[in-house]
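Both ligands and their constituent atoms are indexed starting at 1 by order of listing.
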Amino acid sequence: MNSLAAPATTLAGPEQTAAELAAHVVGEAVWAPSVHNTQPWWFSVDSGGLSLYADPARRLAAADPDGREMLISCGAALFTARLTLRAAGRVPWAQILPDPAQPLLVAQLNWERGPGATGYERRLSAQVRLRRTHRGGFDPLPLDQKLLVTLQESASRYGAVLLVISDEGTRAVLAEAVQAAERTLELDSAHARELAAWTSPPGSSRADGVPATAYPARAERTFPYFPSRDFARGRDWGLPPLSTLPGRSAGVVCLLATSSDEPADWVNAGQALQRILLTNAAWGVATALHSQPFELGARHDLVGLWPGLHPQLLLRLGTTVQTAASVRRPPGSVLFTAGGEPVGLAAAGREAG
Ligand SMILES: Cc1cc2nc3c(=O)[nH]c(=O)nc-3n(C[C@H](O)[C@H](O)[C@H](O)COP(=O)(O)O)c2cc1C
């Protein structure tokens, strides 16, 4: 299926059909994070492996005109698929954006039988369904330096860079950038309509978008103040507050960046992101994400702060109690045979705490 020298494909062992293994992999991959939980992906399976496609119908037209966030989300799903294959005793390899004639074909994924997963991979794999995006502040506790180094190594595996912003002045500049962007996004009708289309009321049975179980009803203030997106938009939606403190720590602020800014870099930034998020989760550390400033062209304004680097996403890390839950579309609705038939499977997407 490709011209790269690669080991022969063994899609599934005798105890598992190709469709069963693919269904298992996709059943995990759908738990990757995606902007507004758009889940902008679908997969096809054939005897040669799995193909991951971006779904442009789920791209955010106002917030993400060039599909950057869509491809970061697909990269996170790709990392999750590869990790799941490792946990299933396979050695995967991926070709990213292999066919210029098919720009929506994000990756082709093949694998062969190999040594079992490492303990580290198993710990990450165990977090795939448990990890949740955090929206709010953190306990005022420092994070282990070893974790931060591990996260930076995670980013560099995919050609990305994770900058830990410890300087108070730069933290304040980034907080201001998020505040200004959040204000602008709330007042912009196209962005506000788009956010409304991807949020659902309490009790909704929708399997995509941001449910009311995913954010606090009253936005938590942080020092410095990194406002969350206003998913509730003035309504009484969201989780009861966990903390009555007037303000909590913003946590460790990090910038995920790449040295070039092409679609393949966005996919790789997504792979790095998911490795970072799962590593944090395995260490008991929660992560908040902020892409507001990067949805208004301000991404390039920040380039001046870090010459030669293209900012992709802001992360805040820390310890806290998390009660958020999210939703996913069932894997059967995003996995097809090469002929376009849905691959039936039992492991439907369900609410995860
Ligand atoms: C590229 C990208 C950008 C995101 N931007 C934000 C953001 O600005 N604010 C936020 O609260 N969550 C953000 N998220 C997190 C998603 O909203 C979240 O992954 C999705 O709702 C699914 O929830 P989960 O991560 O808890 O499974 C982003 C995720 C991705 C992949």
Side-chain angles (χ1 to χ4, degrees), residues 28-41 54 58-60 62-64 66-80 106 127-137 160 174 177-179 181-182 184-186 191 194-195 198-200 206-216 219-220 222 226-232 238-239 255-258 263 265-278 280-281 286-296 298-299 311-316 322-329 349-353:
E28 295 293 296
V30 296
W31 287 99
S34 60
V35 62
H36 290 7
N37 201 17
T38 47
Q39 304 167 46
W41 47 60
R58 291 174 168 270
R59 179 180 58 82
L60 301 176
D64 189 27
D66 54 7
R68 186 185 64 88
E69 293 184 280
M70 175 179 75
L71 288 184
I72 293 177
S73 305
C74 287
L78 173 62
F79 176 83
T80 316
V106 175
Q127 296 298 326
V128 164
R129 288 170 184 248
L130 301 177
R131 175 212 60 81
R132 292 276 71 82
T133 297
H134 180 62
R135 299 183 173 96
L174 291 175
V178 175
Q179 290 165 31
E182 181 56 31
T184 307
L185 290 170
E186 284 174 20
H191 280 94
E194 194 164 75
L195 186 63
W198 287 102
T199 45
S200 38
R206 227 179 122 167
D208 58 9
V210 181
T213 53
Y215 52 88
E220 252 181 17
T222 60
F226 284 83
S228 294
R229 286 186 193 273
D230 185 14
F231 294 110
L239 297 166
L255 179 76
L256 183 65
T258 51
D265 300 306
W266 304 337
V267 175
N268 279 323
Q271 296 208 81
L273 173 68
Q274 178 67 330
R275 191 177 167 103
I276 288 166
L277 296 178
L278 293 174
N280 281 340
T287 315
L289 301 176
H290 294 276
S291 51
Q292 298 107 314
F294 309 141
E295 294 174 355
L296 292 163
R299 202 157 67 91
Q312 302 296 344
L313 204 54
L314 274 174
L315 286 70
R316 292 187 297 108
Q322 279 197 284
T323 56
S326 190
V327 292
R328 291 301 190 273
R329 291 183 292 159
R350 53 183 176 268
E351 187 150 311

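Using a 4.5 Å heavy-atom cutoff, the side chains of His36 and Thr199 are not in contact. In this structure, Glu69 and Pro40 have side chains that are not in contact, with every pair of non-hydrogen atoms separated by 4.5 Å or more. The shortest side-chain heavy-atom distance between Arg59 and Thr38 does not fall under the 4.5 Å cut-off. Here the side chains of Tyr215 and Val210 are in contact, with some heavy-atom distance below 4.5 Å. Within the 4.5 Å cutoff, side-chain heavy atoms of Asp208 are placed close to those of Arg206.
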**Item:** Intermediate values then yes/no, side chain to side chain contact (heavy atoms under 4.5 Å, CB included), Leu195 and Leu185
**Value:** CA-CA 9 Å; Leu195 186 63; Leu185 290 170; over 6 Å; no
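Contact atoms of ligand 1 toward Leu313: 3 (C) (distance under 4.0 Å to a heavy atom of the residue). Residue-ligand proximity, Glu69 to ligand 1, at heavy-atom distances under 4.0 Å covers atoms 3 (C). Taking every non-hydrogen atom of Ser34 and a distance limit under 4.0 Å, the qualifying atoms of ligand 1 come out as 16 (C), 17 (O), 18 (C), 19 (O), 20 (C), 29 (C), 30 (C), 31 (C). Of all atoms in ligand 1, listed by their number and element, those nearer than 4.0 Å to a heavy atom of Arg132 are 24 (P), 26 (O), 27 (O).
In this structure, Phe226 and His290 have tilted ring planes: the angle between them lies in the 30° to 60° band.
Remark: Arg229 does not engage Glu182 in a salt bridge, criterion side-chain N to carboxylate O under 4.0 Å.
Looking from atom 8 (O) of ligand 1 to the surrounding protein, the closest heavy atom is Ser291 N, 2.8 Å. The protein atom (non-hydrogen) at minimum distance from atom 30 (C) of ligand 1 is Val35 N, 3.5 Å. Residue, atom and distance of the protein heavy atom nearest to atom 13 (C) of ligand 1 are Leu289 CB, 3.9 Å. Scanning all protein heavy atoms for the shortest distance to atom 23 (O) of ligand 1 gives Ser326 OG, 3.5 Å. Here the heavy atom of the protein found nearest to atom 21 (O) of ligand 1 is Asn37 CB, 3.5 Å. Looking at atom 1 (C) of ligand 1, its nearest protein heavy atom turns out to be Ile72 CG2, 3.9 Å. The closest protein non-hydrogen atom to atom 25 (O) of ligand 1 is Thr133 OG1, 2.6 Å.
Comparing His134, Arg229, Gln322, Arg135 against atom 17 (O) of ligand 1, the shortest heavy-atom distance belongs to Arg135. Nearest-residue assignment for atom 22 (C) of ligand 1 (options His290, Arg328, Arg131, Gln39; heavy-atom criterion): Arg328.
In this structure, Ser73 counts as a contact residue of ligand 1, since one of its heavy atoms falls inside 4.0 Å of the ligand.
A distance of 8.0 Å separates OG1 of Thr133 from CD of Gln322, quoted to the nearest 0.5 Å.
Taking any N or O of Pro33, backbone or side chain, none lies under 3.5 Å from an N or O belonging to ligand 1.
Scanning all heavy atoms of the two residues, the minimum distance from Ala272 to Ala160 falls at CB-CB, 4.1 Å.
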